[in-house]
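These notes concern the structure reproduced below.
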Amino acid sequence: MRRISTTTFRIARRGTSREINRQIALNLIRTNQPISRAELARVMGVRRGAISLLVNELIEAGLVFEGAKGESKRGRKPMDLHIETRRRCALAVDISASRVLILVTDLLGHPLMDVAAFATPHQPQTLVREIVTNVRKILASHPEVGACAGIGVVVSGVVQDGRLEYSPTLGWRDVDLMKPLKATTKLPVVVENSVKACILAQVWTLRGDAPVDGPVAFVNVSDGVGVGIAVDGKLLRGVNSMAGEFGHVPLNMYGPRCSCGQKGCWEAYVSKRATIARYLGADPSWPASGELGPLTVDEIIARARGGESLALETLRETGYYLGRGFATLVKAIDPRRVYVSGEITGAWDLIEPFVREALREQALTLHAGETEILTVPLDEHPRLRGAAALVSSPAFAAPDVA
Ligand SMILES: [Zn+2]
């Protein structure tokens, strides 16, 4: 049961029920495409005539097209319904501490070309300038991708209304990314915390395999640790966009110094830096842990697979600390599913029993200890898919009535 807001309500007007049915039809086409009008009518449980009205509106709005996809074959062409992705694209931009990635996708998040990358500049103004230069270059050299529906930007840190309020890993405070990007590109721009965007992309995934009801969480373990939470398909942001900052919830108040300045945060135990420092026997505290040389988590995983016991032991320890943090997450939001991504997922088969052991120890009930955890491989570019979802998902959202 959802309470009606007395400050942001929208009165139901004539046509509202049609609007709701149209969004239901659009989402059914998204998850079942290709689908015929007759099949859609059957799934929705309404008459063909009613479906025609809804479908015609969706076609007129440019959201859906009817016909054969791709090359037309000989003989009868199937008149199936598809989400219109042919003439428009979304630009996805992922800003992390080390590099900026740009990808052009269709409006369902499918990549239309290879990922472009450049090193993250130290100054925010230079960053904006370089993004604009790259976006212009990509769009000018690929006219076949069609009109750009918008730019989705994801960044590590706290984002409120398009402003990056604080990013411990980038070391930036109060940077407006949306306004200058909008002004120079003349395109719609959405800026969001990268992990909040990741969970949005899972919820709005093409086949809709994410649970539709209850809380779901996305945990990204990289330079830092970010968590995005959606409840019943809606992003949980809190009053100050702070909801989900489990990376900075302490596991131990006397633990190593974290990038946020506090001690013993979850991030200070499981980030890439923390794992590398533990392996090297170095101080895992910030900022010393940022200068540990060229060793990567991937290399430690390779050594563990090669039979090196120190590497295996280090990864298992990271797994155990991951599980401790998952237990906090489970006790706070009791999610139906937790997605996890980051370099450490490359070692999941080696560390999963240790993750689960810690979760079972700390969770209060047997059920909570068995909360589903699914890995999202980095080569699926979850952050870029999240950025694309910022542009494309609003079209599929339920109407905001009452
Ligand atoms: Zn912290």
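We count residues from 1, following the sequence as given. Just so you know, ligand 1 is whichever comes first in the structure, and atom 1 is the first atom listed for that ligand.
- Relative to the ring axis of Phe354, Arg316 does not place its NZ or CZ within 45° and under 6.0 Å from the centre.
- Between Glu165 and Arg173, no side-chain nitrogen of the basic residue sits less than 4.0 Å from a carboxylate oxygen of the acidic one, so the salt-bridge criterion is not met.
- In this structure, the salt bridge (Lys or Arg N to Asp or Glu O under 4.0 Å) partners of Lys272, at least two apart in sequence or on a different chain, are Asp223, Glu343.
- For Glu308, the CD atom sits in a packed shell: over 12 heavy atoms of surrounding residues, nucleotides or ligands are nearer than 6.0 Å.
- Excluding waters, the set of protein N/O/S atoms under 2.8 Å from the Zn ion (ligand 1) reads His248 ND1, Cys258 SG, Cys260 SG, Cys265 SG.
- Using cut-offs of 30° and 60° for the angle between ring planes, the Phe65 and His82 rings count as parallel.
- Here the shortest heavy-atom pairing between Met44 and Leu28 reads CG-CD1, 3.3 Å.
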